[in-house]
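Structure, as structure tokens:
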Amino acid sequence: MAKRDYYEVLGVSKNATEAEIKTAYRHKAKECHPDLHPDDKAAEERFKEINEAYEVLSDANRRARYDQFGHEGPNMGGAGGFDFGGGFGGFGGFGDIFDTFFGGGSRQTRNGPERGADLRYDVTITFEEAAFGCKKTFKFQRSENCEACHGTGAKDGSSLKRCTVCNGTGTVRTTTNSLFGSMVTQRPCSACNGTGQVITEKCPGCGGAGRVRATRTATVNIPAGIDNGQVITMTGHGEPGLRGGPPGDLHVYVAVRPHKLFKREGYNLYCEIPLSFTQAALGGTLEIPTLEGPMEHHIPEGTQTDTEFRFRGKGIQMLRSSGRGDLFVRVRVDVPRRLSDRQKELLKQFEDSLTGKEYETRKSFFERMRDLFSDGRN
């Protein structure tokens, strides 16, 4: 009996993409899988026909030769149809060579333990919580093994059967003939998703997935000194592993709200404080903000704008250390505006009483300017 057109077998057009061919194959293969139709010879033959069509159309080179030469095209040995047969000292072509050196005969499966996926949770904390540390309790979702089927996906009392497509290996071998002989490649079996087993009767609790979504509560200890964007890893709080594999981790990404007064650079804090004209001139006691609360500090007379004071140990606590950074306070002289007539008169009297020696910076500037113009006249 003549073979049917491969595109017709899979129910796709000749312009179908690789993804469309793959989707059609999975759909068709599940409809007539031998495990779902035991003792049905027609379904078995149909299944073989679908696999044959997919093996050709899923390979770009074989598909091109099929489109050009029909059913004989995929089996051509490249240009001229050369076949090395059993050459190379007894090896059965390049396919056997690849099997020998890369383990093709072992047919690696995906039946072994597999680590669970990692999860991410974002938490936002205050500036003070980051400085002193805190605990945050939160809820998150993750997939967990179905309790009804213990993660197998099979209905209680039923069993898993070996996949007849891959013979329980979890992989399907595809042979491509070329000028250099037979090239053998392996891919996960789409009938059993690479597990080597198929479910005969699905679990009603999870629909055969073996897993269900669950909401869990966790508490993370945020250490003192943590900074914006840093990550805390909670080992073993991620998705459970497959087939006895270890669970993944839960990564907590920390976002720190900015502070109204302080700016942070590493473990040091920076702050600007306005200073009145009188305070800058006469000096006095100034209230300095810190993370623990305000403290008093003496400002010497004649303090200039942009003068910076350093307070050791008043910054952020260092991670995994008892040490702390420093606090740097910069003062800015605030010049008064909207003075009354009385205040202006008093300032004028004050200015008239000055000899010029009171301003060190101003005195130095005018002396340099006088020297500059004196040199120019000479």
Side-chain angles (χ1 to χ4, degrees), residues 120-140 217-235 250-339 343 346-347 350 358-362 364:
R120 170 174 177 159
Y121 184 83
D122 294 271
V123 62
T124 301
I125 60 176
T126 65
F127 196 92
E128 288 78 9
E129 288 175 328
F132 299 112
C134 63
K135 290 185 177 181
K136 289 291 182 180
T137 300
F138 59 92
K139 295 182 182 294
F140 68 101
T217 302
T219 300
V220 59
N221 292 315
I222 299 178
I226 198 166
D227 205 352
N228 184 62
Q230 291 185 317
V231 182
I232 301 173
T233 298
M234 302 181 69
T235 304
L250 174 60
H251 301 290
V252 180
Y253 285 72
V254 179
V256 181
R257 296 192 186 99
H259 199 273
K260 293 180 178 180
L261 295 178
F262 300 116
K263 289 185 178 181
R264 176 177 176 176
E265 291 184 11
Y267 295 109
N268 294 329
L269 292 178
Y270 294 84
C271 177
E272 284 191 356
I273 298 179
L275 199 63
S276 72
F277 172 80
T278 306
Q279 287 175 315
L282 303 179
T285 301
L286 192 64
E287 194 173 72
I288 304 295
T290 71
L291 289 174
E292 290 84 0
M295 70 174 187
E296 292 185 345
H297 178 71
H298 178 72
I299 300 294
E301 64 180 43
T303 297
Q304 304 297 309
T305 191
D306 289 335
T307 300
E308 190 173 73
F309 299 94
R310 180 177 184 178
F311 302 92
R312 297 187 180 276
K314 290 297 183 180
I316 301 291
Q317 180 175 325
M318 301 178 184
L319 287 170
R320 297 176 292 276
S321 174
S322 58
R324 291 182 62 171
D326 300 332
L327 169 63
F328 294 86
V329 175
R330 186 186 300 272
V331 296
R332 304 298 297 268
V333 177
D334 192 7
V335 179
R337 298 180 181 180
R338 296 183 294 275
L339 297 174
Q343 292 169 332
L346 290 174
L347 283 177
F350 170 72
E358 294 83 0
Y359 294 103
E360 294 183 5
T361 303
R362 180 176 169 184
S364 175

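Predicted model, so just to flag it, every value in this text is computed and none were measured.
- Residues satisfying the side chain to side chain contact (heavy atoms under 4.5 Å, CB included) criterion with Arg310, sequence neighbours excluded, are Arg312, Asp326, Phe328.
- Side-chain atoms of Ser321 never come within 3.5 Å of backbone atoms of Met318 as a donor-acceptor pair (strictly under, hydrogens ignored).
- Taking the side chain as every heavy atom from C-beta outward, Leu339 and Leu347 approach each other to under 4.5 Å.
- Sorted by first and then second residue, the pairs that involve residues 277-292 and meet salt bridge (Lys or Arg N to Asp or Glu O under 4.0 Å), not counting sequence neighbours, are Glu292-Arg324.
- When only modelled atom types and interatomic distance are considered, Lys139 and Thr217 share a side-chain donor-acceptor pair under 3.5 Å.
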Could you list the donor-acceptor pairs under 3.5 angstrom formed by side chains in residues 331-338, with sequence neighbours left out?
unit_1 : atom_1 : unit_2 : atom_2 : d
Arg332 : NE     : Asp306 : OD1    : 3.0

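- Partners of Glu265 according to the side chain to side chain contact (heavy atoms under 4.5 Å, CB included) rule, which considers only residues two or more places apart in sequence or in another chain, are Tyr270.
- Shown here are the side chain to side chain contact (heavy atoms under 4.5 Å, CB included) partners of Ala281, two or more places apart in sequence or in another chain: there are none.
- In terms of the side-chain hydrogen bond (donor to acceptor under 3.5 Å, both in side chains) criterion, residue partners of Ser276 (sequence neighbours excluded) are, by chain and number, Gln279.
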In residues 257-264, what donor-acceptor pairs under 3.5 Å come from side-chain atoms, sequence neighbours left out?
unit_1 : atom_1 : unit_2 : atom_2 : d
His259 : ND1    : Leu261 : N      : 2.9
His259 : ND1    : Phe262 : N      : 3.3
His259 : NE2    : Glu128 : OE2    : 2.9
Arg264 : NE     : Gly266 : O      : 2.6
Arg264 : NH1    : Ile226 : O      : 2.9
Arg264 : NH2    : Gly225 : O      : 2.7
Arg264 : NH2    : Gly266 : O      : 3.4

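- Residues forming a side-chain hydrogen bond (donor to acceptor under 3.5 Å, both in side chains) with Glu272 (at least two apart in sequence, or on another chain): none.
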message: Run Tyr253 and Tyr121 through ring-ring contact (aromatic ring centres under 6.0 Å, His included) and show every step you take.
response: CA-CA 6 Å; Tyr253 285 72; Tyr121 184 83; over 10 Å; no
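- Sequence neighbours left out, the pairs with a member in residues 219-228 that pass side-chain hydrogen bond (donor to acceptor under 3.5 Å, both in side chains) are Thr137-Thr219.
- Heavy atoms of other residues, nucleotides or ligands lying less than 6.0 angstrom from CD of Glu301 number 12 at most.
- Counting heavy atoms from C-beta on, the side chains of Met234 and Val252 come closer than 4.5 Å.
- Scanning for ring-ring contact (aromatic ring centres under 6.0 Å, His included) contacts around His251 gives an empty result, with sequence neighbours left out.
- Legend: residues meeting side-chain hydrogen bond (donor to acceptor under 3.5 Å, both in side chains) with Glu129, ordered by chain and number and at least two apart, are Thr126, Lys136.
- Every residue two or more places apart in sequence or in another chain was checked for a side chain to side chain contact (heavy atoms under 4.5 Å, CB included) with Pro274, and none qualifies.
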